[in-house]
Amino acid sequence: MASKKDDDASFNNFYNNKTTILQEARVFHESPISPRKCRALLTRVAYLFYSGEAFQAQEATPLFFGITKLFSHKDAALRQMVYLAIKELSTVAEDVIMLTASIQRDMQPNSEVIYRPNAIRALCRIIDASMVQSTERFFKAAIVDKNTSISSAALVSSYHLFPVSKDVIKRWVNEAQEALSPRAPSFFNAPSTSYLGFGSSAPSTPSYQTVPSSSYISQYHALGLLYSIRQQDRMAVIKMIQQLGGGKTGGGTTLKNPMALCMLIRYAAKVMDEDPNMHKQMFDLLEGWLRHKSDMVTFEAARAIAEMRNVQPQHLTRAVAALQNFLSSMKPTLKFAAIRTLSSLALIHPTVVAACNTEMENLITDANRSIATYAITTLLKTGNEASVDRLMKQISGFMSEISDEFKVIVVDAVRSLCLKFPAKQDLMLTFLAGVLRDEGGYDFKRAVVEAIFDMIKYISACKESALGHLCEFIEDCEFTKLSVRILHLLGIEGPKMSQPTKYIRFIYNRVVLENAIVRAAAVSSMAKFGVNVLDATVKKSIGVLLSRCLDDVDDEVRDRAAMYLRVLREEELQETYVKEDSVFSLAALEAKLVSYVNDAAATSEPFDASSIPKISRAQAAQDVARPSSLDTIAVAVTAKAAPVNLAPQLSAAEAQSQYAQQLAAVPEFAAYGPVMNSSVKPTQLTESETEYVVSCVKHVFKAHVVFQFNISNTLPDMVLENVDVIMQPTDETGLTPLGSTSIPLLTAAASPQIAYVSFQRDDPVEYPLGTFQCTLKFVSKEVDPSSGEPEEEGYPDEYQLEEVELGASGDYILPSYVNFNSEWEKMKAGPSQTETFALSEMESIKAACDSLIEILNMEALGGSDQPTSTTVHTLQLGGLVAGGGGKVLARVRMTFAAGQGVTLELSVRAEQEAVCRLVMSAIGG
Amino acid sequence: GDIILYDGLLAVYKHSLDLIFYVLAPPAENELMLNVALTAYMDGLSLLLRGQVERRALMDNLDLALLCLDETIDDGIIVETDATTIASRVSRPRADTTEIVINEQTILSAYQTVKEKMAQRIAQM
């Protein structure tokens with residue numbers, strides 16, 4: 001092995017040394033030229049390029065012109081290598097165009113040299129658009145040359161040149177058409193053995209005998225060029241497909257090259273996709289090609305049908321049958337192609353693909369693991385409950401033979417299978433527990449553990465045994481991260497099981513045997529048993545176990561044990577530290593922390609966590625739900641079929657930080673202090689297709705309110721100057737206007753821009769509400785279409801916008817999760833208000849719930865947004881008031897009677913009197 | 001294995017003794033088409049190297065290997081799939097007319113040829 005490496009190194013040193021090669025390039029200038037030496041050096045130059053060596057223009061240019069000297073030597077073997085080097089050097093060297101004349105000499109129509117195709121293919125690398133015209137004569141002759149190598153070379157070059165010089169090359173359409181007709185190998189020289197025999201190295205034989213191609217490949221090149229020329233003209237493309245398609249059976253086609261037919265199929269599929277009127281006709285052609293004798297064509301047609309937009313099962317039968325046939329082939333490429341297509345088809349039409357289940361099951365054990373993986377993932381999409389047992393047995397059989405990477409894919413597949421067929425959970429769990437005991441790296445073990453976690457979460461029947469398997473696993477688990485996650489889960493699920501005590505033994509074992517991180521997790525887990533298990537003896541023993549942990553060598557373990565011992569003794573602490581089932585909304589927390597860290601003045605006070613909205617654990621779990629790798633595999637296959645819409649949806653937190661940046665750009669607002677709340681979504685104040693599009697975002701500060709208007713000018717031939725928004729309150733609002741910023745110049749290109757209007761809150765304790773009439777005021781100027789400059793004279797104009805409302809919802813209150821019953825009791829002593837409202841317009845309890853949640857912008861708690869009765873309901877709401885206003889809770893008792901609508905009694909408890917009034921006025925006002 | 005989807009690319013590959021040849025393409029390509037190109041190249045190379053497709057022979061005849069590749073694929077376009085045509089279009093270097101080099105290699109190959117011819121004759125007898 002070592003000697004091989006040395007070999008490699010010495011070889012690369014010799015070939016890869018650019019400096020040596022540049023020096024040795026003098027050999028090009030020697031006289032007489034030595035073709036053998038020059039060819040050897042050119043090989044090394046080409047090798048350098050192929051192995052990725054970067055050449056500078058000042059290195060490549062002298063080399064390039066050194067090579068041009070070699071044109072004076074007639075040796076064919078040298079000339080061919082010269083062209084290869086030119087092709088590569090032309091990308092870096094300068095003034096390569098100088099060589100055009102020399103190359104054209106080698107392209108002469110009646111020259112019979114072996115390197116004529118090489119010359120043609122090199123020429124397209126060195127000429128530019130202005131030169132194409134002058135080469136037209138050569139190209140046209142070459143395209144229709146009876147030697148297919150010359151014809152192909154000319155067609156390929158034209159294809160490369162097409163984007164450079166469309167107009168000239170479009171004139172070569174007749175020649176390309178002629179090249180498309182099949183030409184039997186016209187001159188078949190007695191099968192030349194010159195390249196095999198010893199005699200060829202005799203210096204006296206000047207010409208080479210080439211073997212004419214029997215592949216008809218110039219049809220492929222001609223079709224490619226013709227399509228480039230015609231692709232803008234759909235009628236011409238359709239005509240071409242019809243002419244070459246060879247009628248309904250495909251038998252009459254003149255195309256003999258399978259790759260050319262594949263291209264035709266792609267063009268047909270594209271036409272079909274774009275023009276519904278041609279659908280039937282093109283589909284018939286595709287079906288005809290399914291019977292072609294070449295596998296390549298059959299497969300291309302089958303795939304084109306499988307990838308049709310909105311394909312119906314009845315259209316797929318024959319294509320799937322063709323693919324099914326391929327699955328039992330001996331060739332891995334064919335099997336791979338077929339299973340890959342079926343795998344993505346199974347996402348849309350699993351029942352159609354299910355016809356191939358038997359063949360796919362045989363592929364599970366295929367030597368090519370990509371094929372096996374596609375087979376499994378496809379089977380899991382198409383399989384029915386009855387086939388699962390057999391499938392699982394087969395999977396277990398080959399788990400030990402595959403790499404961790406594939407094991408993860410298989411485990412993920414099994415995981416989604418569990419969720420699809422919960423009745424089979426027993427089998428799946430046995431399988432997962434089995435592989436958990438196998439050897440394997442972290443990623444594999446994590447996949448298995450997560451699969452079991454999912455089963456525990458979604459299939460309650462298997463909880464008991466799944467927890468048992470996890471307990472066994474942590475007894476001998478080398479991955480700290482996994483142990484900690486399992487201990488956490490045991491702490492949550494264990495106390496709910498019928499025999500919680502049996503888990504405690506496993507958990508305490510960790511305290512005795514493991515490292516500090518695991519021990520700390522075990523302490524927390526045990527404490528959960530102590531709090532949540534009702535049995536008093538369990539509580540007592542947990543107390544004993546925890547006090548043993550007080551002597552731990554690690555301080556974190558000791559601290560946790562001490563804290564939980566206290567929690568066990570004091571009931572009310574349990575609510576906060578163990579039973580609490582809400583967490584901070586991480587996105588909001590992050591946004592607040594970022595602005596806290598960035599604001600130098602804010603650090604004088606501690607970070608205020610009370611203004612962060614909370615969400616329940618269930619919600620948090622939903623947010624982080626990971627996509628299954630099955631889905632990602634499927635995406636990789638279908639990604640090209642569906643153009644992914646990547647329009648970024650700004651998350652609330654991102655929007656907030658974006659606003660913060662925009663506000664920071666206006667120095668006046670710095671004095672207002674930090675923003676307490678910004679509306680989540682901008683309110684549209686105009687229709688989206690008007691001349692001026694305006695949306696509004698409201699920012700609430702401690703003593704100020706700022707309205708941010710995003711204004712777009714959609715008229716490219718107008719510019720707006722001095723754009724202002726005038727806000728007129730409709731009645732008394734408790735706000736004093738402070739000022740506004742205007743946009744000096746607004747063009748369509750530079751839209752949208754922002755104008756601000758700010759107000760002072762008269763009484764910072766109160767929450768001002770109100771409605772404002774808004775008017776856009778500006779000077780409009782027309783743009784001179786010829787010069788693009790706005791005209792001197794403009795005229796003042798106004799534009800009426802929709803009203804902006806400053807209300808409770810979204811502007812002051814944010815939804816937040818709390819444990820309603822306990823909090824409601826706790827806030828009994830604080831400010832509260834109760835009022836009764838009659839909503840005669842409401843048609844049902846559900847409608848009333850929805851509109852209350854929307855108006856108050858509070859979180860419905862305990863599932864109370866889904867009324868169980870149509871006549872009586874109690875809605876529980878929780879929220880957080882922006883800017884340190886504290887928590888607010890609302891209880892809405894509703895009755896519904898036909899004809900009277902909904903009558904509701906709204907009770908609000910909050911930490912501040914003003915908040916209660918705010919909520920009341922939101923409903924009453 | 002002979003085919004894999006790797007890093008968003010379709011890769012068709014073949015082993016030949018101590019070498020591996022790859023053809024890479026965008027994932028939407030026709031797998032069989034790539035296989036045809038790879039087979040054409042390797043068969044052409046095998047003809048040129050007289051069946052000895054292995055590392056040492058490839059490095060000694062790198063000019064043939066590179067020209068063979070150029071005759072098979074040109075800037076991403078398959079130029080030819082007929083291996084005999086490909087091989088016949090690759091020129092071999094000739095000894096310079098001024099100096100005929102006789103070294104171990106040429107003597108060895110002369111010896112090889114004589115041995116082959118002799119073997120053929122003996123077989124015919």
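For the numbers below, each heavy atom of this structure counts, side chains included, while hydrogens, waters and symmetry mates do not.
- The two residues A/Pro212 and B/Asp82 make their nearest non-hydrogen contact at O-OD2, 4.3 Å.
- Between chain B and the options A/Asn118, A/Asn257, A/Leu78, the largest number of non-hydrogen pairs under 4.5 Å is found for A/Asn118.
- Counting heavy atoms from C-beta outward, A/Glu300 and B/Leu32 have side chains that stay 4.5 Å or more apart.
- A salt bridge links B/Glu29 with A/Arg266: the closest approach of a Lys/Arg side-chain nitrogen to an acidic carboxylate oxygen falls below 4.0 angstrom.
- Contact of the A/Tyr216 side chain with the B/Thr81 side chain is not registered, since no non-hydrogen atoms from C-beta on lie closer than 4.5 Å.
- Taking 4.5 Å as the heavy-atom cut-off, the residues of residues 68-76 of chain B that approach chain A are B/Asp70, B/Glu71, B/Asp74, B/Asp75, ordered by number.
- Here the straight-line distance linking atom CG of A/Leu84 with atom CG of B/Asp63 works out to 10.0 Å at 0.5 Å rounding.
- A/Tyr159 OH: 12 or fewer foreign heavy atoms inside a 6.0 Å radius.
- Heavy-atom minimum distance, B/Ser88 versus A/Ile114: O-CD1, 3.9 Å.
- Counting only N and O atoms by type, the side chains of B/Ser91 and A/Arg39 include a donor and acceptor under 3.5 Å apart.
- The backbone N or O of A/Val211 sits less than 3.5 Å from a side-chain atom of B/Thr85, completing a donor-acceptor pair.
- A/Phe336 approaches B/Leu10 most closely through the heavy-atom pair CE2-CD1, 3.6 Å.
- Chosen from A/Ile371, A/Leu334, A/Leu42, the residue pairing most often with chain B at heavy-atom distances under 4.5 Å is A/Leu334.
- Defined by atom type and a distance below 3.5 Å, a donor-acceptor pair is present between the side-chain atoms of A/Ser213 and B/Glu80.
- Using a 4.5 Å cut-off between heavy atoms, A/Ser370 contacts chain B through its side chain alone, with no backbone atom that close.
- In this structure, chain A has a heavy atom under 4.5 Å from the side chain of B/Ile77, while its backbone stays farther away.
- Contacts of B/Val12 classified as side chain to side chain contact (heavy atoms under 4.5 Å, CB included), with partners at least two apart in sequence or in another chain: B/Ile3, B/Leu34, B/Asn35, B/Leu38.
- Interatomic distance, CD1 of B/Ile78 versus OH of A/Tyr220, reported as 5.0 Å (0.5 Å rounding).
- Around atom NZ of A/Lys331, no more than 12 heavy atoms belonging to other residues, nucleotides or ligands sit under 6.0 Å away.
- Interface remark: A/Asp75 contributes side-chain atoms only to the contact with chain B (heavy atom separation under 4.5 Å).
- Using a 4.5 Å heavy-atom threshold, the side chains of B/Val79 and A/Ile217 count as separate.
- Of all heavy-atom pairs spanning B/Arg89 and A/Pro117, the tightest one is NH2-CG, 3.4 Å.
- Interface remark: A/Tyr50 contributes side-chain atoms only to the contact with chain B (heavy atom separation under 4.5 Å).
- A/Ser294 does not touch chain B: none of its heavy atoms, backbone or side chain, sits under 4.5 Å away.
- Among A/Arg121, A/Arg125, A/Met259, the residue with the largest count of heavy-atom pairs under 4.5 Å with chain B is A/Arg121.
- Here the side chains of B/Leu5 and A/Tyr374 are in contact, with some heavy-atom distance below 4.5 Å.
- When every heavy atom of A/Met296 is checked against every heavy atom of B/Val36, the shortest pair comes out as CE-CG2, 3.4 Å.
- In this structure the side chain of A/Pro258 never reaches within 4.5 angstrom of the side chain of B/Met33, judged on heavy atoms.
- Counting only N and O atoms by type, the side chains of B/Asn30 and A/Arg303 include no donor and acceptor under 3.5 Å apart.
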